**Q** 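Before we start, here is the structure in question, set down as structure tokens.
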Amino acid sequence: MTTVSALFCYPVKGFAAVALDRAEVSVTGVVGDRALMVVSAEDGVFLSQRVLPAMATVRPEFVDGGLRLTRGGSSTEVRVVLDGPRRQVSLFKHWFGEAVDQGEDAARWCSEALGRQVRLVGVAPEHDRDGWGEHPGKIGFSDAHALSMISESSLDALNERIAGSGGRPVPMDRFRPNVVVSGWAEPHTEDTVRELGIGTADLGFSTKAIRCAVPTVDQRTGERDGPEPTRTLASYRREPDFGGGVSFGAKLAVLTPGTIAVGDRVRVRRWAAG
């Protein structure tokens, strides 16, 4: 039987994950996932592990009314402001809009932790952004899709290839999934799912997940640790339709909000034709 083996939320885009036993899923994904984002204080452009791999070492923890952020021996509590002063922000030069500034204390701590002047911002109540793909869906501060899903068999197959060429296997956290699935014997089965139900949520396949440089970042140390897994993925997961990028995992849209829990059965309702 195919089931959910792990669930993750990333409260601040680019920061470390929070493991969950159960997740409420809204139209934009796991509630609280990428609800906050770090942007340059100068121009409002978002920052990620692509340019600041040390972001991986900032550990969020949910507390009443907000988040506790910790890096090394320093921590702060951020009481999340759901509405308030706005700041113009952008993602990948594809989306420009207003976000809710989280205040001077949060900005000061994040700036010191990351070594540059930044602001912490939240999704505004009127935020309305479309994803893309077979099921576009709606998204918050995610790159382009509500959820990401990877099967354990896909990671096992990748690591067999890496080990076969003398490299060190990589953990699942390199790919920063929301939903990890066990029970599919065939690697990359998630590529062929088109509509599925998990718990009380219904999800639709958007596209294969095209990977950037983030999987080469060690999520424990915040340091680049390439060339794996990108080198091995390039040997068998090139995607000509996406400029020759490498893919790993599936991106999903939320068709019906609901609740997903570790141990829930994954019920595939429609597969890709052929």
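When a residue number appears, it is its place in the shown sequence, counting from 1. Since this is a predicted model, take the numbers as computed values, not measurements. Side-chain atoms are counted along with the backbone in the values below, which use heavy atoms only and exclude waters and symmetry mates.
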**Q** Are the side chains of W132 and T207 in contact, using a 4.5 Å heavy-atom criterion?
**A** yes

**Q** In the structure I gave you, are the side-chain heavy atoms of D264 and T259 within less than 4.5 Å of one another anywhere?
**A** no

**Q** Please find the pair of heavy atoms, one from A185 and one from S153, that lie closest to each other, and give the distance.
**A** O-CB, 4.0 Å

**Q** What salt bridge (Lys or Arg N to Asp or Glu O under 4.0 Å) pairs are there with at least one residue in residues 26-54, not counting sequence neighbours?
**A** R50-D143

**Q** Quick one: do the S75 and R68 side chains pair a donor with an acceptor below 3.5 Å?
**A** no

**Q** Any side-chain heavy atom of W109 within less than 4.5 Å of one from L114?
**A** no

**Q** I'd like to know if V89 and L91 are part of one continuous hydrophobic network [Ile/Leu/Val/Met/Phe/Trp/Tyr, side-chain heavy atoms within less than 4.5 Å].
**A** yes

**Q** Any side-chain heavy atom of F62 sitting closer than 4.5 Å to one from P11?
**A** yes

**Q** Any Lys/Arg nitrogen of D83 or R86 sitting under 4.0 Å from an Asp/Glu carboxylate oxygen of the other?
**A** yes

**Q** Is there a side-chain contact between P257 and V25 (heavy atoms, below 4.5 Å)?
**A** no

**Q** If you round to the nearest 0.5 Å, how far is CD of E160 from OG of S165?
**A** 12.0 Å

**Q** Start with the C-alpha distance between S74 and E112, add both sets of side-chain angles, then the distance that settles side-chain hydrogen bond (donor to acceptor under 3.5 Å, both in side chains), and finish with yes or no.
**A** CA-CA 10 Å; S74 176; E112 291 175 357; 5.8 Å; no

**Q** Count the heavy atoms belonging to other residues, nucleotides or ligands that lie under 6.0 Å from CD of E239, then report whether that count exceeds 12.
**A** yes

**Q** Group every Ile, Leu, Val, Met, Phe, Trp and Tyr by side-chain heavy-atom contacts under 4.5 Å, then state whether I162 and L155 land in the same group.
**A** yes

**Q** Keeping the roles fixed (side chain from S111, backbone from V118), state whether a donor-acceptor pair exists under 3.5 Å.
**A** yes

**Q** So is R161 actually on top of Y236's ring, under 6.0 Å and inside 45° of the axis?
**A** yes

**Q** So, E104 and R119, do they make that salt bridge, N to O below 4.0 Å?
**A** yes

**Q** As an exercise, state the distance from CD of Q219 to CE of M55, rounded to the nearest 0.5 Å.
**A** 11.0 Å

**Q** Going through the distances and angles, do R59 and T70 end up as a side-chain hydrogen bond (donor to acceptor under 3.5 Å, both in side chains)?
**A** CA-CA 5 Å; R59 312 289 175 189; T70 302; over 6 Å; no

**Q** How long is the gap from CD on E77 to CD on E61, to the nearest 0.5 Å?
**A** 8.5 Å

**Q** Could you see if L36 belongs to whatever hydrophobic cluster contains F15? Use Ile, Leu, Val, Met, Phe, Trp, Tyr and a side-chain cutoff under 4.5 Å.
**A** yes

**Q** Given side-chain hydrogen bond (donor to acceptor under 3.5 Å, both in side chains), test T57 with R71 step by step and report yes or no.
**A** CA-CA 6 Å; T57 63; R71 186 175 188 228; 2.7 Å; yes

**Q** What I'd like to find out is whether the side chain of I198 reaches to under 4.5 Å of the side chain of R267, using heavy atoms alone.
**A** no

**Q** Looking only at heavy atoms, which two atoms of L67 and P60 are closest? And how far apart?
**A** CD2-CB, 4.4 Å

**Q** Should L69 and C110 count as side-chain neighbours, where that means a heavy-atom distance under 4.5 Å?
**A** yes

**Q** Evaluate whether atom CZ of R79 has more than 12 neighbouring non-hydrogen atoms of other residues, nucleotides or ligands under 6.0 angstrom away.
**A** no

**Q** Test side chain to side chain contact (heavy atoms under 4.5 Å, CB included) on V179 and L7; report intermediate values, then the result.
**A** CA-CA 5 Å; V179 182; L7 282 171; 3.9 Å; yes

**Q** Is NZ or CZ of R129 both nearer than 6.0 Å to the six-membered ring centre of W95 and within 45° of the ring axis?
**A** yes

**Q** Could you grab the distance from atom CZ of R22 to atom CD1 of I260, nearest 0.5 Å is fine?
**A** 10.5 Å

**Q** Is there a donor-acceptor pair under 3.5 Å between the side chain of T28 and the backbone N or O of G140?
**A** no

**Q** When rounded to the nearest 0.5 angstrom, what is the spacing between CG in L252 and CG in L203?
**A** 5.5 Å

**Q** For residues S151 and E190, is any side-chain donor paired with an opposing acceptor at under 3.5 Å?
**A** yes

**Q** Mark yes or no for whether S142, through its side chain, and I139, through its backbone, hold a donor-acceptor pair below 3.5 Å.
**A** no

**Q** Just by distance, do the side chain of N159 and the backbone of V170 share a donor-acceptor pair under 3.5 Å?
**A** yes

**Q** Which heavy-atom pair separates P229 from R174 by the least distance, and what is that distance?
**A** CD-NH1, 3.9 Å

**Q** Under a plain distance cut-off of 3.5 Å, with no hydrogens placed, do S206 and E134 share a side-chain donor-acceptor pair?
**A** no

**Q** Where the side chain of Q102 meets the backbone of V81, is there a donor-acceptor pair that is under 3.5 Å apart?
**A** yes

**Q** If you look at every heavy atom in V214 and Q49, which pair is closest and at what distance?
**A** CG1-OE1, 3.7 Å

**Q** When you measure from the side chain of Y10 to the backbone of R176, do you find a donor-acceptor pair of N or O atoms at a distance under 3.5 Å?
**A** yes

**Q** For a quick test of reading the model, state the closest non-hydrogen atom pair linking P177 to S148 and the distance between them.
**A** CA-OG, 3.2 Å

**Q** I'd like to know whether L47 forms a side chain to side chain contact (heavy atoms under 4.5 Å, CB included) with V45, so could you lay out the CA-CA distance, the side-chain angles of the two residues, the decisive distance to 0.1 Å, and finally the verdict.
**A** CA-CA 7 Å; L47 298 174; V45 174; 5.8 Å; no

**Q** Apply side chain to side chain contact (heavy atoms under 4.5 Å, CB included) to L233 and L158, showing your working.
**A** CA-CA 7 Å; L233 285 172; L158 169 62; 3.8 Å; yes

**Q** Mark yes or no for whether E228, through its side chain, and T232, through its backbone, hold a donor-acceptor pair below 3.5 Å.
**A** yes

**Q** Please check if any side-chain donor atom of Q117 sits under 3.5 Å from a side-chain acceptor atom of S40, or the reverse.
**A** no

**Q** Give a yes or no on whether the backbone of V266 and the side-chain of T2 come within a donor-acceptor separation of less than 3.5 Å.
**A** no

**Q** Looking at R194, is its backbone amide N or carbonyl O close enough to the side chain of R270 to form a donor-acceptor pair, meaning the two atoms are under 3.5 Å apart?
**A** no

**Q** Given R238 and V246, is the side chain to side chain contact (heavy atoms under 4.5 Å, CB included) satisfied, shown in steps?
**A** CA-CA 5 Å; R238 288 280 187 195; V246 299; 4.1 Å; yes

**Q** Applying the 4.5 Å side-chain criterion to the ILVMFWY set and letting contacts propagate, would L120 and V39 be lumped into a single cluster?
**A** no

**Q** In Å, rounded to the nearest 0.5 Å, how long is the span from NZ of K13 to CZ of F46?
**A** 5.5 Å

**Q** Check the angle between the aromatic planes of F248 and H188 and answer parallel, tilted or perpendicular using the 30° and 60° thresholds.
**A** perpendicular

**Q** If Ile, Leu, Val, Met, Phe, Trp and Tyr residues are connected whenever their side-chain heavy atoms lie under 4.5 Å apart, and connections chain through other members, are F141 and V12 in the same group?
**A** no

**Q** Ignoring hydrogens and angles, tell me if any N or O in the side chain of R108 forms a donor-acceptor pair with the backbone of G103 under 3.5 Å.
**A** no

**Q** Quick test of your reading of the model: are D241 and K208 salt-bridged, counting only N-O distances below 4.0 Å?
**A** no

**Q** Show the nearest heavy-atom pair for residues V262 and S5, with the distance to one decimal.
**A** CG1-O, 3.8 Å

**Q** Would you call E195 and R269 a salt bridge, taking side-chain N to carboxylate O under 4.0 Å as the test?
**A** no

**Q** Do D225 and T216 come close enough that some side-chain heavy atom pair is under 4.5 Å?
**A** no

